[in-house]
Amino acid sequence: MFPTPIQKQSMAAQVSYQALLPLALIMWLLPLIAVALFSIRPLADFTNGNYWGMPSSFEFFENYGKVFFESDMPRYLWNSVLITVPTVIGAVALSCMTGFALGIYRFRGNLLIFFMFIAGNFVPFQILMVPVRDLTVSIGLYDTKLGLVLFHVAFQTGFCTLFMRNFIRALPHELIEAARVEGVAEWRIFWFVVLPLMRPAIAALSVLIFTFIWNDYFWAVVLTQGPGAQPVTAGITSFNSQFVAQYHLMSAGSIVAALPPVAMFFLMQRHFIAGLTLGAVK
Amino acid sequence: MSTATSTRRWNPQITTPLLFLLPGVLFFLLYVIIPIGQSFNISFYKWDGLGEAEWVGLRNYERLMQDRAFEVSLWNNMKWLVLYLLAIPAGLFIALFLNQTVTGIRLYKSLFFFPFVISQVVVGLVFSWFYLPREGLLNAVITTFGMEPINVLGDPVLATYGVIAAGLWPQTAYCMILYLTGLNAVDPEQIEAGRLDGAKGWRMLWHIILPQLRPATFIAFVVTIIGALRSFDLISIMTNGGPFGSTRVLSFYMFEKALSEYGFRMGYGSAIAVVLFLIMLVFIAYFLWSMWREERAGRH
């Protein structure tokens with residue numbers, strides 16, 4: 001292991017390492033801790049300029065209650081769910097198929113199509129913005145959740161295909177050969193042989209895409225307008241203008257908005273990290 | 001292949017991949033590939049997004065050359081690119097710090113990674129509050145050290161660096177997790193061999209560890225460069241391009257021109273997008289080339 005395990009070092013080194021760990025963590029998360037502290041303060045603290053002293057009272061329920069019951073936040077959150085979940089399902093389903101086609105079969109243009117997906121996945125959003133917005137408007141899906149979902153599914157298929165194809169590539173090819181010798185139809189090979197083996201990849205991609213889409217801001221601004229369809233990332237700006245300069249409520253609001261992907265991450269950590277490293281770093 | 005002699009009219013070895021690819025490829029063409037071409041086309045027009053588009057040839061690009069705001073944006077993009085790369089050594093440093101097996105280290109690793117999972121919108125909000133001149137924690141800290149309070153986001157010189165610092169926070173976390181996974185896979189025998197040869201500390205890191213971390217470094221480079229050029233959310237949330245347009249980057253300036261209260265100048269906006277795309281294309285081409293080499297190496 002590198003660096004040398006701390007257990008093999010002097011007692012002093014071990015003690016200082018143990019002390020340094022929480023200290024470093026607090027430093028690292030300082031901006032976030034500040035927001036968390038803000039979110040439980042009463043309004044009075046801000047008007048009195050008591051930003052960092054002891055809170056004069058503990059207003060966790062009051063502040064978060066306001067976020068949930070006196071703002072559009074629940075609607076935005078629900079919109080986010082209705083945009084994120086179908087996107088995850090759509091992108092993963094499509095890329096299971098493209099990944100299978102590109103990972104198993106050898107044909108002319110295979111690598112070309114694969115590279116088209118990778119390249120498309122890297123382009124700046126702005127080069128797509130005007131035409132995609134036009135397209136969405138012209139099929140009557142501007143300011144709808146479906147309009148956002150369709151674009152996200154298409155765009156995420158690029159990244160997902162990269163991931164799925166490499167994953168399928170690494171599967172033992174003998175399995176498929178054996179099934180072919182048995183005379184199993186190609187689509188049944190996909191469904192009964194390959195798909196069950198892809199479970200870890202599907203899990204990894206699902207968490208990852210969930211986070212990406214939940215956190216998307218740019219397309220939410222480009223393709224939606226009001227609380228009818230806007231996800232929480234875009235909604236939070238209207239939330240903040242509703243509670244302008246009320247830092248305790250804005251803090252509580254942004255913590256609520258950030259929470260679902262965080263929960264997803266802590267629940268599915270192993271899969272998440274496997275996805276992030278693109279499976280390239282085992 | 002043996003199936004080439006199949007007597008069936010349709011060869012399943014060809015039709016199956018075709019059918020499996022069809023929905024994904026069509027979707028991707030419609031929403032990603034074709035729009036790229038359309039944007040190129042629109043950049044030759046003067047168009048407000050509603051009425052008739054007027055062909056102006058290269059005039060949008062000529063105007064870009066004299067546009068001071070474009071110059072500032074381009075220059076800021078360069079700052080982003082260069083400074084964002086700091087996330088790679090910083091991530092490596094934290095990964096080395098955390099690559100131990102003490103109790104609770106798993107939780108520490110997750111908590112260090114945490115900023116990456118939060119949306120950039122929230123990161124932007126968190127940092128803009130952190131920087132607040134009166135209420136912000138940053139000034140609370142530096143004034144206790146007897147320094148003058150600073151208004152990071154209100155200062156045209158400092159603002160961009162303040163936004164980049166906010167971006168480095170999640171990006172460093174991403175690079176850290178890449179390196180942590182990479183360090184897990186480092187061959188212990190080579191480390192032992194290195195130790196026997198008397199390699200320690202920096203020399204060990206440079207000659208034995210880093211070469212084995214190359215795949216992690218490559219991905220860290222890819223995601224960091226893409227992330228730097230994609231920066232939009234943070235700027236939009238933290239400064240909205242200001243003060244005095246000093247924090248604009250191409251992605252933000254394009255949005256501002258094409259789709260904001262300043263008017264719908266789709267043609268001019270598309271020209272900006274094309275420039276950004278061409279910058280990105282240099283990196284994309286390099287990435288694809290590296291991947292292609294690996295594909296070839298993997299096959300033979």
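Nothing here was measured: the structure is a model prediction, and the numbers come from that model. In what follows, chains are A, B, ... by sequence order, proteins preceding strands, each numbered from 1. Keep in mind that the numbers below use all heavy atoms, side chains included, and drop hydrogens, waters and symmetry copies.
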For chain B, the option from A:L150, A:D134, A:V132 that forms the most heavy-atom pairs under 4.5 Å: A:L150
Parallel, tilted or perpendicular: rings of B:F232 and B:F252 (30°, 60°): tilted
Heavy atoms of other groups near A:L112 CG, more than 12 under 6.0 Å: no
Which portion of B:L125 sits near chain A, non-hydrogen atoms under 4.5 angstrom: side chain
CZ/B:R195: more than 12 non-hydrogen atoms of other groups inside 6.0 Å: yes
Under 3.5 Å: donor-acceptor pair, side chain of A:T84, backbone of A:F210: no
Parallel, tilted or perpendicular: ring planes of A:F272 versus B:F116, cut at 30 and 60 degrees: perpendicular
Per-residue contact mode, B:S43 against chain A (heavy atom under 4.5 angstrom): neither
Under 4.5 Å from a heavy atom of chain B, the part of A:F107 involved: side chain
Interchain contact, B:R134 with chain A, by part (heavy-atom threshold 4.5 Å): both
N/O donor-acceptor pair under 3.5 Å between A:T233 side chain and A:D216 backbone: yes
Ring geometry between A:Y247 and A:F38 (parallel below 30°, tilted from 30 to 60°, perpendicular above 60°): tilted
Part of B:I272 lying under 4.5 Å from any heavy atom of chain A: neither
Side chain A:N215, main chain B:V117, donor-acceptor under 3.5 Å: yes
Best-contacting candidate, B:F277, B:F27, B:F130, B:F28, against chain A by heavy atom pairs under 4.5 angstrom: B:F28
Part of B:A166 within contact of chain A (heavy atom distance under 4.5 Å): neither
Parallel, tilted or perpendicular: ring planes of A:F125 versus A:F155, cut at 30 and 60 degrees: perpendicular
Engaged part of A:F100 at the chain B interface, taking heavy atoms whose separation is under 4.5 Å: side chain
Part of A:T237 lying under 4.5 Å from any heavy atom of chain B: side chain
Stepwise side chain to side chain contact (heavy atoms under 4.5 Å, CB included) check, B:L18 with B:L22: CA-CA 6 Å; B:L18 206 71; B:L22 207 60; 5.5 Å; no
Interface moiety of B:L288 toward chain A, non-hydrogen atoms closer than 4.5 Å: both
Salt-bridge criterion met for B:E294 and B:R214 (N-O under 4.0 Å): no
Test item: side-chain donor near acceptor, A:Q9 and A:Y17, under 3.5 Å: no
Residue A:S95 versus chain B: region with a heavy atom under 4.5 Å: neither
Chain B contact via A:F266 - which portion, at a heavy-atom distance below 4.5 Å: side chain
Which atoms of B:S110 approach chain A - backbone, side chain, both or neither, heavy atom under 4.5 Å: both
Main-chain N/O of A:A257 paired with A:W214 side-chain donor or acceptor, under 3.5 Å: yes
Which atoms of A:L135 approach chain B - backbone, side chain, both or neither, heavy atom under 4.5 Å: side chain
Proximal component of B:I105, with respect to chain A [non-hydrogen, under 4.5 Å]: side chain
Selection from B:V126, B:I208, B:D187 maximising heavy-atom pairs under 4.5 Å formed with chain A: B:V126
Proximity breakdown for B:V186 and chain A, heavy-atom pairs closer than 4.5 Å: neither
Segment of A:V262 engaging chain B (4.5 angstrom heavy-atom cut-off): both
Contacting moiety of B:L29, where chain A heavy atoms sit under 4.5 Å: side chain
Toward chain A, the part of B:I226 with a non-hydrogen atom under 4.5 Å: side chain
Donor-acceptor under 3.5 Å (B:Q120 side chain, A:Y217 main chain): no
Residue part contacting chain A, namely of B:I34, when any heavy atom lies under 4.5 Å: neither
Largest heavy-atom contact set with chain A, pairs under 4.5 Å, which of B:L213, B:I177, B:L111, B:L19: B:L111
Largest heavy-atom contact set with chain A, pairs under 4.5 Å, which of B:F97, B:F218, B:W292: B:F97
Can you list, pair by pair, the side-chain donor-acceptor contacts under 3.5 Å of residues 18-30 of chain A, counting residues two or more places apart and other chains?
unit_1: A:W28; atom_1: NE1; unit_2: B:F112; atom_2: O; d: 2.8

Winner by heavy-atom pair count (cut-off under 4.5 Å) against chain B, out of A:P131, A:A101, A:A119: A:P131
Among the listed options B:I36, B:L180, B:T15, the residue most often paired with chain A at heavy-atom distances under 4.5 Å: B:I36
Heavy-atom proximity to chain B below 4.5 Å, by part of A:T211: side chain
Region of A:V222 in contact with chain B, defined by heavy-atom distances below 4.5 Å: both
Output field: ring centroids A:F239/A:Y76 closer than 6.0 Å: no
Heavy-atom pair count under 4.5 Å with chain B, highest-scoring of A:T157, A:I236, A:I104, A:T4: A:T4
Under 4.5 Å from a heavy atom of chain A, the part of B:V222 involved: side chain
Largest heavy-atom contact set with chain A, pairs under 4.5 Å, which of B:L205, B:I42, B:L26, B:L229: B:L205
Residue part contacting chain A, namely of B:L137, when any heavy atom lies under 4.5 Å: both
Modelled atom types, side-chain donor and acceptor of A:T98 and A:T161, under 3.5 Å: yes
Per-residue contact mode, A:M116 against chain B (heavy atom under 4.5 angstrom): both
Aromatic contact, B:Y286 with B:F283 (centres under 6.0 Å): no
Contact class of A:L37 relative to chain B, heavy atoms under 4.5 angstrom: neither
Test item: B:R230 side-chain N/O and A:V123 main-chain N/O as donor-acceptor pair under 3.5 Å: yes
A:I127 portion near chain B, given a 4.5 angstrom heavy-atom threshold: both
Short side-chain to backbone donor-acceptor contact, B:D233 and B:G124, under 3.5 Å: no
Contact origin within A:N240 toward chain B - heavy atom pairs under 4.5 Å: side chain
